[in-house]
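Structure first, then comments.
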2 protein chains.
Amino acid sequence: MKVTIKDIARIAGVSTATVSKVMNRKDEHISQATREKILKIMQEYNYIPNTAARSLVTKKTKTIGLVIPDIRNPFFPELARGAEDKAHEEGYNIMFCNTDDDAEKEEKYVSMLIEKMVDGIIFTASSKRSSGFNYLKNNRVPIILVDRDIDLKGVKGKITVDNCKGAYDGVKHLLQCGYKKVIFLSGPLTSHPSIERLKGYKKALEEFHVPYQEEYIFEGTYQRGWGYEVIKRLLEKEIDFDALFCGNDLIAIEAIKALKQAGIKVPQEVGIVGFDDIYIAPLINPELTTIRQPSYEMGYKAVDMLIKLLEKKGKSQEKVILNTELIIRKSTMQK
Amino acid sequence: MKVTIKDIARIAGVSTATVSKVMNRKDEHISQATREKILKIMQEYNYIPNTAARSLVTKKTKTIGLVIPDIRNPFFPELARGAEDKAHEEGYNIMFCNTDDDAEKEEKYVSMLIEKMVDGIIFTASSKRSSGFNYLKNNRVPIILVDRDIDLKGVKGKITVDNCKGAYDGVKHLLQCGYKKVIFLSGPLTSHPSIERLKGYKKALEEFHVPYQEEYIFEGTYQRGWGYEVIKRLLEKEIDFDALFCGNDLIAIEAIKALKQAGIKVPQEVGIVGFDDIYIAPLINPELTTIRQPSYEMGYKAVDMLIKLLEKKGKSQEKVILNTELIIRKSTMQK
DNA sequence: ATGAAAGCGCTAACAT
DNA sequence: ATGTTAGCGCTTTCAT
């Protein structure tokens with residue numbers, strides 16, 4: 001039989017209110033003797049409070065929703081772990097959902113989470129959304145956006161990275177090395193980070209008086225295989241380039257593979273800069289020069305921000321922009 | 001204001017019981033007219049049922065706990081995604097926790113999940129546990145073990161892989177290629193899969209009449225960096241070997257890096273077989289020969305098994321052993 | 001075909 | 001310092 005607060009109260013010879021007070025540490029006015037007695041009995045009977053009952057009255061569940069495109073994209077496990085670590089520190093749990101950047105799934109999952117009464121949501125939203133969400137109409141579940149800086153109802157904070165600066169740093173590095181013809185293997189240009197990176201790319205070009213050429217921009221996906229395929233196509237079409245600035249490290253790694261197969265030397269003939277600095281970046285050959293994103297930190301800070309909001313009842317629309325960092329390794333060289 | 005079942009009932013001019021029935025599709029005895037009216041009003045007012053209230057009475061939450069060592073280990077995002085996909089198919093959500101294979105954290109997180117009244121738990125348990133869990137005393141939360149085959153109270157099913165056979169296949173392949181001195185760079189030998197793999201390693205050796213040497217077994221961790229370090233040490237000590245069978249692909253990839261730095265050629269001088277077949281395995285140079293584990297499928301099947309158990313109220317202690325597959329690529333060669 | 005009412009396990013005024 | 005009590009929003013028997 002499941003033991004409830006009533007059982008504990010009965011056994012201890014006190015009221016349920018008293019038990020409730022000691023278990024929630026609202027027990028300044030409870031005598032040490034009763035407190036100890038109750039605690040002891042709770043232990044002894046292995047009492048586990050029923051969260052559903054509690055949530056029903058408090059309207060809090062101590063759980064946070066994490067809505068991301070795909071946990072298999074190596075950027076997100078780091079973020080998820082950061083989020084989970086902070087959540088557990090504060091006594092929260094994390095529920096996670098994969099949307100594949102599909103607006104319909106986003107809609108469905110966010111509403112599922114609201115039904116489950118999560119206290120808040122950490123959301124990496126695709127930018128493709130038609131407009132507002134229906135499910136936000138009657139709801140006040142705070143949302144913290146991570147990675148994507150878009151406008152959405154219910155958003156109470158944003159954690160992003162300066163994608164423009166990151167890209168600028170990467171392309172500038174390429175140009176400083178002496179590479180001249182830099183192709184941008186971008187992620188989907190519907191997503192905010194990619195758009196910002198394109199800006200950074202252009203800015204660096206401008207600064208070095210290199211004319212911007214539309215034909216050097218390739219809009220891709222973060223699907224596996226794209227980086228490899230696009231290089232194959234570039235090579236077939238005999239497009240002339242000597243450097244690649246990539247939308248993420250996976251694209252960069254695939255590009256390196258395709259280039260190697262074609263007998264083209266990295267970094268001697270083509271310099272490559274990735275984005276993210278995933279754990280594998282220093283392990284491949286050549287070690288990948290890339291723009292590091294603080295992905296763990298983004299998850300951690302997002303949860304931190306959310307919980308502060310929840311517990312301080314703050315209403316401020318905070319916006320935090322974290323720094324990227326150029327990590328120079330071996331896929332680029334001074335020419 | 002939040003709209004509740006009472007509001008809907010009042011507006012529709014029916015009782016809450018009727019509303020409850022139609023929303024739970026227990027409405028065989030409800031007239032089409034009322035059903036439609038209620039549905040329409042629910043829509044119109046954007047009614048979201050309160051799961052806490054529902055769970056309080058039904059004792060079900062439609063959420064599943066996922067307890068894994070570390071989502072950053074590339075084996076787990078696949079598994080997690082498989083689990084999540086199946087869960088969503090069936091209308092469940094997933095709560096996830098990272099234990100770092102620490103028995104204390106496992107204990108804490110599992111009990112948190114039970115408090116939150118998850119309907120069941122998918123658990124990759126470390127083998128280091130003292131014995132039973134306290135929190136299982138008064139609880140009937142079914143647990144499905146994945147990846148690790150150990151004995152634990154409350155376990156209602158297991159999904160594993162034939163690690164012995166997997167290792168056997170890998171080592172046999174190495175031996176067939178003509179490699180003679182195969183070092184096993186194992187994961188922690190406290191964990192069940194590693195123990196099984198050691199068995200498979202020995203079996204293959206025996207079959208090829210290669211004497212087993214304790215000095216060829218290196219027990220490591222799945223922490224980043226270990227594979228690299230251990231090779232450095234091997235090389236310093238001038239230990240003689242011509243093949244590596246690795247506890248996972250990450251170790252293999254790091255080993256390749258260390259070997260390359262020492263000017264040792266893979267696969268010409270040293271043949272390497274990994275384990276898992278993570279997405280990066282075919283992208284590195286040389287492409288990694290490895291033992292594929294159906295990680296996505298393991299997560300998917302675990303949730304499938306759990307939900308079947310939950311909904312059919314079955315009590316069977318099922319055990320499913322999935323197949324591994326030897327994927328031959330370029331880190332091994334016929335000598 | 002529909003409704004009345006009890007109760008799930010807990011919290012939070014408010015009393016005492 | 002402790003207890004009484006009224007819900008929280010829903011489901012579920014049992015009536016009607």
Side-chain angles (χ1 to χ4, degrees), chain A residues 1-39 41-42 45-63 114-119 138-141, chain B residues 1-39 41-42 45-63 114-119 138-141:
Chain A
M1 226 344 258
K2 198 110 187 68
V3 12
T4 73
I5 196 174
K6 272 191 193 165
D7 301 317
I8 302 296
R10 189 172 28 74
I11 296 162
V14 298
S15 74
T16 61
T18 307
V19 176
S20 172
K21 279 168 194 154
V22 346
M23 89 174 148
N24 292 300
R25 286 174 182 71
K26 296 184 175 169
D27 54 356
E28 320 87 63
H29 301 299
I30 305 286
S31 75
Q32 184 60 15
T34 23
R35 186 199 336 276
E36 274 168 12
K37 182 167 53 177
I38 291 171
L39 255 13
I41 293 172
M42 285 181 12
Y45 286 78
N46 222 289
Y47 168 64
I48 296 182
N50 180 317
T51 322
R54 176 178 292 162
S55 297
L56 187 54
V57 12
T58 62
K59 264 91 187 84
K60 306 220 158 305
T61 53
K62 287 260 182 184
T63 115
I114 292 178
E115 262 190 58
K116 292 263 167 102
M117 300 209 326
V118 295
D119 295 341
N138 287 300
N139 278 284
R140 295 284 108 233
V141 178
Chain B
M1 228 347 256
K2 199 114 186 66
V3 14
T4 74
I5 196 175
K6 270 190 194 168
D7 300 318
I8 303 296
R10 190 172 28 74
I11 295 161
V14 298
S15 74
T16 61
T18 307
V19 175
S20 172
K21 279 168 193 154
V22 345
M23 90 176 146
N24 292 300
R25 284 174 185 70
K26 297 184 176 169
D27 54 355
E28 320 84 64
H29 301 298
I30 304 287
S31 74
Q32 184 59 17
T34 25
R35 186 196 339 275
E36 275 169 11
K37 182 169 50 175
I38 291 170
L39 257 11
I41 292 171
M42 283 180 15
Y45 286 79
N46 221 288
Y47 169 62
I48 296 183
N50 180 319
T51 322
R54 175 179 294 162
S55 296
L56 187 53
V57 11
T58 60
K59 265 91 186 85
K60 305 221 161 303
T61 53
K62 287 265 186 179
T63 114
I114 292 178
E115 262 191 57
K116 292 264 167 101
M117 302 210 324
V118 295
D119 295 341
N138 286 299
N139 278 284
R140 297 285 108 234
V141 177

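Chain naming here is simple, since letters A, B, ... match the order of the sequence lines and numbering starts at 1 in each.
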Results of side chain to side chain contact (heavy atoms under 4.5 Å, CB included) for A:Ser55 - residues two or more places apart only: A:Thr51, A:Thr61, A:Met117, B:Ala52

Using C1' atoms of five pairs at each end, report the bend of the helix from C:dA1-D:dT16 to C:dT16-D:dA1 rounded to 10 degrees. 30°

Have a look at A:Ser55 and say if it touches a base, only the backbone sugar-phosphate, or nothing, with a 4.0 Å heavy-atom cut-off. nothing

Report yes or no: does A:Lys62 contribute a side-chain atom to a donor-acceptor pair with the main-chain N or O of B:Lys116 at less than 3.5 Å? no

Report the residues that fulfil side chain to side chain donor-acceptor pair (under 3.5 Å) with B:Thr16, sequence neighbours left out, ordered by chain and then residue number. none

Between C1' on D:dT11 and CD1 on B:Ile8, what's the gap in Å once rounded to a whole number? 16 Å

If I take atom NZ in residue A:Lys6 and atom C1' in nucleotide C:dC8, what distance separates them, rounded to the nearest angstrom? 9 Å

The criterion is side chain to side chain contact (heavy atoms under 4.5 Å, CB included); which residues satisfy it with B:Ser20, sequence neighbours excluded? B:Ile5, B:Asn24

Once you round it to whole Å, what is the distance between P of D:dG3 and CG of A:Asp27? 14 Å

Qualifying residues under side chain to side chain donor-acceptor pair (under 3.5 Å), relative to B:Thr63, sequence neighbours excluded: none

Round to the nearest Å and state the distance from B:Leu56 atom CG to C:dC8 atom C1'. 4 Å

Does the A:Lys37 side chain pair with the main chain of A:Gly13, one donor and one acceptor, at a distance under 3.5 Å? no

Atom NE2 of B:His29 and atom P of D:dT13: how far apart are they, to the nearest Å? 13 Å

Atom pair distance, as rounded to whole Å: NZ in A:Lys116 and C1' in D:dC10: 16 Å

Just the rounded figure in Å: distance from P of D:dT16 to CD1 of B:Ile30. 18 Å

Output yes when at least one side-chain N/O atom of A:Ser15 is less than 4.0 Å from OP1 or OP2 of D:dG3, else no. yes

Atom CZ of B:Arg35 and atom C1' of C:dT2: how far apart are they, to the nearest Å? 13 Å

Quick one: salt bridge (charged side-chain N to carboxylate O under 4.0 Å, His left out) partners of B:Lys21, sequence neighbours excluded? none

Give A:Thr51 one of three labels, base, sugar-phosphate or nothing, depending on what nucleic acid heavy atoms sit under 4.0 Å from its own. nothing

Taking side chain to side chain donor-acceptor pair (under 3.5 Å) as the definition, give me every residue that meets it alongside A:Thr58, ordered by chain and number, with sequence neighbours left out. none

Where along nucleotides 11-16 of chain C does protein come under 4.0 Å, by heavy atom, of base (B) or sugar-phosphate alone (S), with - for untouched nucleotides? BB----

Under 4.0 Å from OP1 or OP2 of C:dA1: is there any side-chain N or O of B:Thr34 that close? no

Pairs satisfying salt bridge (charged side-chain N to carboxylate O under 4.0 Å, His left out), at least one member in residues 24-35 of chain A, at least two apart: A:Asp27-A:Arg35

Examine C:dT2: is either OP1 or OP2 under 4.0 Å from a nitrogen or oxygen in the side chain of B:Thr18? Give yes or no. no

